[in-house]
Participant: 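Pasting in a structure now, in structure tokens, and then I'll have a few things to ask.
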Amino acid sequence: MWWSLVVAAMVVLAAARGATAAVACSPVQLSSCVSAIRSATQPSKLCCAKIKEQRPCLCQYMKNPALKPYVNTPNARKVASTCGTPFPKC
């Protein structure tokens with residue numbers, strides 16, 4: 001019985017740790033990519049880091065009518081590709 005409580009506590013702690021590691025979706029995090037997306041210039045290292053970080057959120061951004069014109073463009077896809085981050089299929 002004692003071991004089952006220890007195992008249960010470890011599972012809860014592991015789940016809590018995983019929850020804190022989840023990405024906070026915030027399109028503002030991609031502001032360092034605006035110039036690369038608008039003018040088709042090389043993305044900065046910061047932009048690439050943010051694209052990789054925010055990749056799980058890209059489908060959510062594309063479903064947002066206010067963000068779709070910026071995120072779902074050929075230049076945005078090119079920036080993601082240049083950064084080595086494949087665009088998700090939503």
Side-chain angles (χ1 to χ4, degrees):
M1 173 88 172
W2 188 82
W3 275 105
S4 61
L5 289 175
V6 170
V7 171
M10 289 175 65
V11 168
V12 169
L13 289 174
R17 185 176 301 157
T20 58
V23 174
C25 292
S26 172
V28 175
Q29 295 293 316
L30 298 175
S31 62
S32 60
C33 299
V34 170
S35 63
I37 292 171
R38 284 189 174 170
S39 63
T41 59
Q42 281 292 107
S44 66
K45 288 183 182 181
L46 177 61
C47 169
C48 287
K50 292 300 181 177
I51 289 253
K52 288 178 184 178
E53 176 186 294
Q54 293 288 305
R55 186 179 186 275
C57 307
L58 293 178
C59 286
Q60 175 184 333
Y61 298 160
M62 286 192 285
K63 291 177 185 174
N64 182 326
L67 300 174
K68 186 175 181 176
Y70 303 102
V71 180
N72 195 22
T73 65
N75 281 350
R77 290 178 186 276
K78 183 178 177 184
V79 168
S81 176
T82 301
C83 291
T85 305
F87 229 71
K89 295 182 181 181
C90 307

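Just the heavy atoms: all of them, side chains too, but no hydrogens, waters or symmetry mates, feed the values below. As the structure is a computational prediction, the values presented were derived from the model and not from experiment.
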Participant: To the nearest 0.5 Å, what is the distance between NZ (Lys50) and OG (Ser32)?
Facilitator: 7.5 Å
Participant: Applying the side-chain contact (heavy atoms from CB on, under 4.5 Å) test to Leu58, which of Asn72, Leu67, Val71, Thr85 qualifies?
Facilitator: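 It is Val71; the other options fail the test.
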Participant: Any idea which heavy atoms bring Pro56 and Val23 closest together, and the distance?
Facilitator: CG-CG2, 4.1 Å
Participant: Taking the side chain from Thr82 and the backbone from Lys78, do they hold a donor-acceptor pair closer than 3.5 Å?
Facilitator: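 Judged by distance alone, yes, a pair lies under 3.5 Å.
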Participant: Spell out, with a plain yes or no, whether Cys83 and Cys47 have SG atoms under 2.5 Å apart.
Facilitator: no
Participant: Measuring from Gln54:CD to Ser26:OG, what's the distance to the nearest 0.5 Å?
Facilitator: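 The CD atom of Gln54 sits 6.0 Å away from the OG atom of Ser26.
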Participant: Between atom SG of Cys57 and atom CE of Met62, what is the distance when rounded to the nearest 0.5 Å?
Facilitator: 11.5 Å
Participant: Using modelled atom types and a 3.5 Å cut-off, is there a donor and acceptor pairing between side-chain atoms of Arg55 and backbone atoms of Pro86?
Facilitator: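 Flag set: sc Arg55 to bb Pro86 pair under 3.5 Å.
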Participant: Counting heavy atoms not belonging to Phe87, are there more than 12 under 6.0 Å from its CZ?
Facilitator: yes
Participant: What residue among Leu30, Thr41, Ile51 forms side-chain contact (heavy atoms from CB on, under 4.5 Å) with Val79?
Facilitator: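 The side-chain contact (heavy atoms from CB on, under 4.5 Å) with Val79 is passed solely by Ile51 among Leu30, Thr41, Ile51.
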Participant: Would you say that Arg38 contacts Asn75 through its side chain, given a criterion of any heavy-atom pair below 4.5 Å between the two side chains?
Facilitator: no
